[in-house]
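Accompanying notes for the structure given below.
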Amino acid sequence: MGLFDHSWTLQAVMEMQKSIGEMSGKLDRLHTDIDRLGTRIEANCDSVDKLKHWQSLVTGGAIVVGVLVAAVWSIITFVPWNRVHFDSAPTAEGSRASSDVRSE
């Protein structure tokens with residue numbers, strides 16, 4: 001055992017080779033997991049796109065309903081309904097009766 005004893009160096013190289021082999025296997029598994037994760041993310045993106053589509057449809061429908069409610073409310077509120085009499089539309093008999101009243 002002198003200066004030229006290479007057993008320690010050989011042991012260190014063998015352990016490093018073993019560690020590198022384990023790390024290589026773990027990196028391969030990590031690469032596979034990342035590929036699977038990418039596939040799942042793409043599937044989730046499709047779901048998110050579908051949800052955004054439905055969200056815009058519901059939002060548009062709510063806006064249309066709100067505009068219709070506001071239009072009906074404004075018509076009911078601002079039209080002077082007390083001046084419009086659908087019951088007392090003039091008739092031929094009604095006009096004679098009013099002319100008879102005037103002549104008397």
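Throughout, residue positions are numbered sequentially from 1 according to the sequence presented.
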* Check whether more than 12 heavy atoms from other residues, nucleotides or ligands sit under 6.0 Å from atom CD of Glu22, and answer yes or no. => yes
* Distance in Å, His53 NE2 paired with Lys50 NZ, rounded so as to fall on 0.5 Å steps -> 11.0 Å
* Asked: To the nearest 0.5 Å, what is the distance between CD (Glu15) and CG (Leu10)?
  -> 10.5 Å
* Asked: Sub-3.5 Å donor-acceptor pair from the side chain of Ser74 to the main-chain atoms of Ala71, do we have one?
  -> yes
* Mind checking side chain to side chain contact (heavy atoms under 4.5 Å, CB included) for Ile41 and listing every partner two or more places apart, or none if nothing turns up? => Leu37, Cys45
* Straight-line distance of Lys18 NZ to Met23 CE, nearest 0.5 Å -> 14.5 Å
* Set of residues satisfying side chain to side chain contact (heavy atoms under 4.5 Å, CB included) with respect to Thr32, sequence neighbours excluded -> Arg36
* Separation between OG of Ser7 and CE of Met14, rounded to the nearest 0.5 Å -> 13.0 Å
* How many angstroms lie between CD1 in Ile63 and CG in Leu68, if you round to the nearest 0.5 Å? -> 12.0 Å
* Spell out, as yes or no, whether a donor-acceptor pair under 3.5 Å connects the side chain of Ser24 to the backbone of Ile20. => no
* Structure fact -> Rounded to the nearest 0.5 Å, the CZ atom of Arg40 sits from the CG atom of Asp35 at a distance of 12.5 Å
* To do: May I ask whether Ile34 and Leu27 are part of the same hydrophobic cluster, defined by side-chain heavy atoms of I, L, V, M, F, W, Y residues being less than 4.5 angstrom apart, directly or through others?
  => yes
